[in-house]
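Here the structure is a predicted model, which means the values were calculated and not measured.
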Amino acid sequence: MIEIKDDKFYILDSENGKWIFATEDEAIKKLKDTAKKSNPEKTRIIEVDISGDEWSIKQVPWSKIAMKIIGGD
């Protein structure tokens, strides 16, 4: 079970499996751990925002993921 923070959670979806995380940083860390085993064309991080009456689902841009990996933030 995970605790949802800030009314958002993240799904790492790859050909090796699917994982749910409370934060974007946790999803990126798992992505880094599994990167050698995953096809980047079939890997993505999805942000699910459950605030308000209507939920939104969007893919986290690869540019944002790359900046977090490079910058270490």
Side-chain angles (χ1 to χ4, degrees):
M1 179 179 349
I2 65 168
E3 179 182 354
I4 304 299
K5 300 174 183 174
D6 301 322
D7 290 332
K8 293 180 184 177
F9 63 91
Y10 298 84
I11 301 168
L12 172 57
D13 179 12
S14 79
E15 60 191 354
N16 297 323
K18 293 176 177 44
W19 298 269
I20 298 175
F21 301 93
T23 67
E24 183 178 277
D25 290 340
E26 292 170 347
I28 291 172
K29 183 176 186 285
K30 179 68 173 179
L31 172 67
K32 289 185 341 186
D33 292 344
T34 61
K36 293 180 183 175
K37 301 175 193 171
S38 300
N39 178 348
E41 298 294 326
K42 296 181 179 180
T43 303
R44 61 191 176 152
I45 296 176
I46 306 294
E47 177 188 274
V48 181
D49 185 339
I50 59 173
S51 62
D53 292 335
E54 300 211 13
W55 293 13
S56 68
I57 300 171
K58 66 180 182 180
Q59 184 169 332
V60 176
W62 275 104
S63 57
K64 183 175 182 182
I65 295 168
M67 292 303 292
K68 286 194 167 199
I69 291 172
I70 292 169
D73 294 339

Peer 1: Identify, with sequence neighbours excluded, every residue that meets side chain to side chain donor-acceptor pair (under 3.5 Å) alongside Ser38.
Peer 2: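 Ser38 satisfies side chain to side chain donor-acceptor pair (under 3.5 Å) with Asn16 once adjacent residues are dropped.
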
Peer 1: According to side chain to side chain donor-acceptor pair (under 3.5 Å), who are the partners of Lys18, at least two apart in sequence or on a separate chain?
Peer 2: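 Partners of Lys18 under the side chain to side chain donor-acceptor pair (under 3.5 Å) test: Asp13.
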
Peer 1: What residues form a side chain to side chain donor-acceptor pair (under 3.5 Å) with Glu47, not counting sequence neighbours?
Peer 2: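 Only Tyr10 meet the side chain to side chain donor-acceptor pair (under 3.5 Å) criterion with Glu47.
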
Peer 1: Under 4.5 Å between side-chain heavy atoms, hopping through other hydrophobics if needed: is there a path connecting Ile65 to Phe21?
Peer 2: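 Same hydrophobic cluster.
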
Peer 1: Examine distances only and state if a side-chain atom of Glu15 and a backbone atom of Asn39 form a donor-acceptor pair shorter than 3.5 Å.
Peer 2: yes

Peer 1: With sequence neighbours left out, what residues match Ser51 under side chain to side chain donor-acceptor pair (under 3.5 Å)?
Peer 2: Asp49

Peer 1: Please list, chain by chain and in numerical order, all residues satisfying salt bridge (Lys or Arg N to Asp or Glu O under 4.0 Å) with Lys42, sequence neighbours excluded.
Peer 2: none

Peer 1: How many angstroms lie between OG1 in Thr43 and CG in Leu12, if you round to the nearest 0.5 Å?
Peer 2: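 If I round to the nearest 0.5 Å, the distance is 7.0 Å.
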
Peer 1: Just jot down the side-chain contact (heavy atoms from CB on, under 4.5 Å) partners of Ile4, sequence neighbours excluded, or say none.
Peer 2: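 Testing Ile4 for side-chain contact (heavy atoms from CB on, under 4.5 Å), a comparison that skips the adjacent residues, returns Ile2, Phe9, Ile50.
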
Peer 1: Taking salt bridge (Lys or Arg N to Asp or Glu O under 4.0 Å) as the definition, give me every residue that meets it alongside Asp7, ordered by chain and number, with sequence neighbours left out.
Peer 2: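 Counting only residues at least two positions away or on another chain, Asp7 forms no salt bridge (Lys or Arg N to Asp or Glu O under 4.0 Å).
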
Peer 1: Are Ile46 and Ile20 connected in the hydrophobic side-chain network, where two residues link if heavy atoms are under 4.5 Å apart?
Peer 2: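 Ile46 clusters together with Ile20.
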
Peer 1: Would you please name every residue forming a side-chain contact (heavy atoms from CB on, under 4.5 Å) with Lys64, sequence neighbours left out?
Peer 2: Glu24, Val60, Pro61, Lys68

Peer 1: Is the number of heavy atoms from other residues, nucleotides or ligands within 6.0 Å of CG (Asp6) greater than 12?
Peer 2: no

Peer 1: Can you measure from CH2 (Trp62) to CD1 (Ile69) and round to the nearest 0.5 angstrom?
Peer 2: 7.0 Å

Peer 1: Under 3.5 Å, is there a donor-acceptor pair between the side chain of Thr23 and the main chain of Glu26?
Peer 2: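 Checking the backbone N and O of Glu26 against the side chain of Thr23, a donor-acceptor pair under 3.5 Å is found.
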
